[in-house]
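We count residues from 1, following the sequence as given.
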Amino acid sequence: MKKKLLVLPLLATIFLAASCSENSSSGASSTGNSGGGTSSSSEQQMNWNDGTALEYTPVSDGYTLGTAKVTNSYDFDNVYANSPSKTLADDFIYGVDVSSLYEVEKAGGRFYDKDGNEDDIFNILKEGGSNYVRLRLWVDPFDSHGNSYGGGINDIATDIYLAQRAQKAGLKILIDFHYSDSWADPAKQWAPKDWMTLSSANKITVDERNQYQNVGAFTGQALNAFKNAGITVSAVQIGNETNNGMAGLSNAQSKFFADCVRAGVTTAESVFPEVETIIHLTNITSTGYLKVLNNLQERGVSWDITGLSYYPFWHGSRENLLSVMNGIVETYGTKVMVAETSWGYTGEGAEYCNNQFSPETHCQEGGYAASNQGQISELADIVEVLSQVPDQKGVGICYWEPAWLPLKGAGWISKYGAFYNDNGYDWQAASDLAGYSDSYCYSSWANQAWFDYDGVAMPSLYAYKYIQDGDKTVEVKYSGLLESKFSAKYNLGDASSSIPETGLLVSNIDTYVEEDIAWDSEQLASLPSTPTGTTVTLKGTCGGFDVTCDVLVYTNYVEDYSFESQNTLQSGNSNEYAVESPWELEASVSGVRVESKSEMQGGTGKKYFHWWSSTAFTFTLSQTLKDVPAGTYDLSTVVLTHLPTEYGGYNSIGLFYQIGDGEKVEVSMLDKCLGYASGGTEWSIGNIVISSTSDVTIGMYGDAGATTWGHNDDWSFALA
């Protein structure tokens, strides 16, 4: 695709210089309520709407409606959606983010209603109860050769094209300003290329002190472009998941960040006076988001809605979500919404997707089955939470990317974008792109859509309508347990066990409810005196249903075998920990550490060992086991990583052991690198013979290329 012309006119700095100096924009407000107070004089002055609009070349290769009909069919009668218990605001947002749509349609994607008739997707979404469309906006998502970064190609021309279609179908428009050229989230907030300086050593720098000028100018010029195209923008996000900064700013708790938000908010309001302004945050299971809101409040920044990302498999319980929202309403006076959510309907994949949602990992964590009914119940439950927010201040929900079909050329990113995404600047030689495989760039979201892989609407697309109409209510009943037969281990070495304490009751609306298991107390009490190598079948009950658990009693000589005792935070991050005793780590980069980010499939506990780096790196993880008795042992652990040649690839990776001062034995595990879709895979070395009591050092090693990643958990050194 030819690169679209994107011009940033010169800032009107002459008449703004005095009012936008560091002192005048410090943000001291006359009100303590950042969400509901009137703007201070400095806020009013920080306005970059001079009437200028972004220039662009309109999309000329858009979607043409066909007349095809398909035979895929779904049961729309036997699905359920309980309406909220409390009344919602009349203008409640039932939103969808379909930012990838242009690229999906360009790759051949077509969409069909529940009767199998092809229609414009926006008509189908409107019929399903959606009333808002959210579109991410990037500044210049192309490299210097005109290659798109992918992910939807959401520049101003693409978004205007999509917004015009959405508005024609009767949907309102929410623009999500990323203030970047590609994805912005807590991990990366690269400034747009034109807003940064790149040194000869490829070190990126931004002028944080004056970055608010770029934010204000782009906001005004972009919104004027929408306005000139006949589009009314009803809501704007000033940044995307801005917990750790925005537009290249390194700290969301700084004055510079507050100035950027203020510039975006006041400029947006000057273009569209009725616009709802949104601050978007995530990671609500920790308290870091409060520091961002406190910073804005203390500096007198005003906004309308605090939007939160809430994916049940990542972001905790609905009870915590409600508590967070109520706290925001009470403390900051803003309205609240769920700005992003989603759920998977299947574990099956397709040729051009690399799905991130895994039923084996995410269903139990999030509390729903992987089904259309599970998707509907997830949405109904979140709307119920929003209805519980006082004074109807829970004002909306937005489902993320329900139309991302798995098609060649419609991935989450291109290789050109992947390099920019990792580095913040463009590739310079073909070798820069060599580390990115085709599969790395595929869509990661297709199994969380509301359309099947052929583009046919499924019952979940009508969830909003069902919730609004209240015609799909049902009494929730439980028919059994998700799992009634368990297996576990009891380690005589430290009296620890993996015996489950709770089970999951399964309802008629595909929800999972956690319930305590009551195990036979006499059987539990006898485990410490059971001979090693014995398997005991425990009996118990959960929610009135029988459960059993086959427990292997053994001795594992590895201490802290699942890294749960690693508690020293690395760089103050609430999810990253330094590797400490009894483990030892030698690594050439800081991205090798312990994490607790719910990314590990197949491991126990909350923590796991992790490796990744934007540059080539090596690491060795080890532990010395003391006074291991004579015998024949097995060494095993669980690893989740990509195929050996994907990403930067592995030069070598494997396990090792060393008995006393003897020879170090290394065993390659390259053939056990099976890819993300395979989940956690057991790596092992068997028949390790110890002739007499000795110390034994065990561990793993890796020599990896840039962007190589992996997770590791559950070590065991036990009698064979």
Side-chain angles (χ1 to χ4, degrees), residues 487-498 527-528 530-537 550-563 582-586 600-605 608-609 611 618-641 643-644 650-675 678-704 710-720:
S487 61
K489 292 181 178 180
Y490 185 90
N491 180 17
L492 294 173
D494 61 3
S496 65
S497 79
S498 59
L527 289 177
T530 302
T532 187
T534 303
T535 298
V536 176
T537 300
D550 292 332
V551 181
L552 172 64
V553 179
Y554 78 119
T555 300
N556 179 9
Y557 289 90
V558 180
E559 297 182 47
D560 194 21
Y561 57 87
S562 65
F563 304 101
W583 292 100
E584 294 184 4
L585 174 66
E586 295 180 6
M600 177 65 190
Q601 299 179 23
T604 59
Y608 52 87
F609 180 60
W611 57 92
T618 61
F619 70 90
T620 301
L621 176 74
S622 65
Q623 184 179 143
T624 299
L625 317 179
K626 298 294 185 180
D627 300 325
V628 179
T632 301
Y633 290 82
D634 290 337
L635 169 64
S636 67
T637 189
V638 176
V639 174
L640 171 65
T641 189
L643 298 175
Y650 290 107
N651 297 316
S652 63
I653 190 167
L655 303 181
F656 68 86
Y657 68 90
Q658 181 178 16
I659 302 172
D661 296 327
E663 179 184 359
K664 182 179 181 181
V665 179
E666 296 183 348
V667 179
S668 173
M669 294 289 161
L670 282 171
D671 63 340
K672 297 292 186 180
C673 299
L674 301 182
S678 297
T681 301
E682 183 177 277
W683 292 7
S684 63
I685 305 175
N687 298 314
I688 301 173
V689 178
I690 300 178
S691 56
S692 60
T693 299
S694 177
D695 293 349
V696 180
T697 301
I698 54 95
M700 70 185 305
Y701 62 90
D703 182 348
H711 307 315
N712 163 242
D713 205 354
D714 289 351
W715 284 81
S716 174
F717 191 83
L719 287 169

N/O donor to acceptor pairs below 3.5 angstrom from side-chain atoms of residues 630-639, sequence neighbours left out:
from, atom 1, to, atom 2, distance (Å)
Tyr633, OH, Pro629, O, 2.8
Asp634, OD1, Asn687, N, 3.3
Thr637, OG1, Asn712, ND2, 2.6
Thr637, OG1, Asp713, O, 2.9
Thr637, OG1, Trp715, NE1, 3.3

Checklist line | Pairwise side-chain contact, Ile685 with Met669, heavy-atom cut-off 4.5 Å (strictly under) | finding: yes
Margin query: Less than 4.5 Å apart, side chain to side chain, heavy atoms only: is that true for Thr555 and Leu719?
Written below: no
Notebook entry, point to check: Do the non-hydrogen side-chain atoms of Ile698 and Tyr557 ever get within less than 4.5 Å of each other?
Noted result: no
Next item on the list: For the pair Ser497 and Val551, evaluate side chain to side chain contact (heavy atoms under 4.5 Å, CB included) and give the outcome as yes or no after the intermediate values.
Entry: CA-CA 9 Å; Ser497 79; Val551 181; over 6 Å; no
Next item on the list: Quick one: pull up OG1 in Thr532 and CG in Asn491 and give me the separation to the nearest 0.5 Å.
Entry: 8.5 Å
Next item on the list: Locate the shortest heavy-atom distance separating Leu640 from Gly675; write the atom from each residue and the value.
Entry: CD1-O, 4.1 Å
Note to self: For the CD atom on Glu559, are there more than 12 heavy atoms of other groups (residues, nucleotides or ligands in this structure) within a distance under 6.0 Å?
What the structure shows: no
Note to self: Does any part of the side chain of Thr641, heavy atoms only, come nearer than 4.5 Å to the side chain of Tyr650, both counted from C-beta?
What the structure shows: yes
Next item on the list: Calculate, to the nearest 0.5 Å, the distance between atoms OG and CD belonging to Ser694 and Gln658 respectively.
Entry: 9.5 Å
Check: Are the side chain of Asp695 and the backbone N or O of Asp627 linked by a donor-acceptor pair below 3.5 Å?
Finding: yes
Checklist line | Exercise: identify the closest heavy-atom pair between Ser562 and Asp714 | finding: CB-OD1, 3.5 Å
Note to self: Do Ile659 and Val628 make a side-chain contact, defined as non-hydrogen atoms from C-beta onward lying under 4.5 Å apart?
What the structure shows: no
Note to self: Please enumerate all residues that pass side chain to side chain donor-acceptor pair (under 3.5 Å) together with Ser498, with sequence neighbours excluded.
What the structure shows: none
Checklist line | side-chain hydrogen bond (donor to acceptor under 3.5 Å, both in side chains) between Tyr490 and Thr530, intermediate numbers included | finding: CA-CA 10 Å; Tyr490 185 90; Thr530 302; over 6 Å; no
Notebook entry, point to check: When rounded to the nearest 0.5 angstrom, what is the spacing between OG in Ser622 and NZ in Lys664?
Noted result: 7.5 Å
Margin query: Using 0.5 Å steps for rounding, measure from the OG1 atom of Thr624 to the CH2 atom of Trp583.
Written below: 10.5 Å
Note to self: Would you say that Trp683 contacts Met700 through its side chain, given a criterion of any heavy-atom pair below 4.5 Å between the two side chains?
What the structure shows: yes
Notebook entry, point to check: Who are the salt bridge (charged side-chain N to carboxylate O under 4.0 Å, His left out) partners of Asp550, not counting sequence neighbours?
Noted result: none
Checklist line | Nearest-0.5 Å distance, CD of residue Glu682 to OG of residue Ser716 | finding: 8.5 Å
Check: Stepwise, does the side chain to side chain contact (heavy atoms under 4.5 Å, CB included) test hold for Trp611 with Leu621?
Finding: CA-CA 11 Å; Trp611 57 92; Leu621 176 74; over 6 Å; no
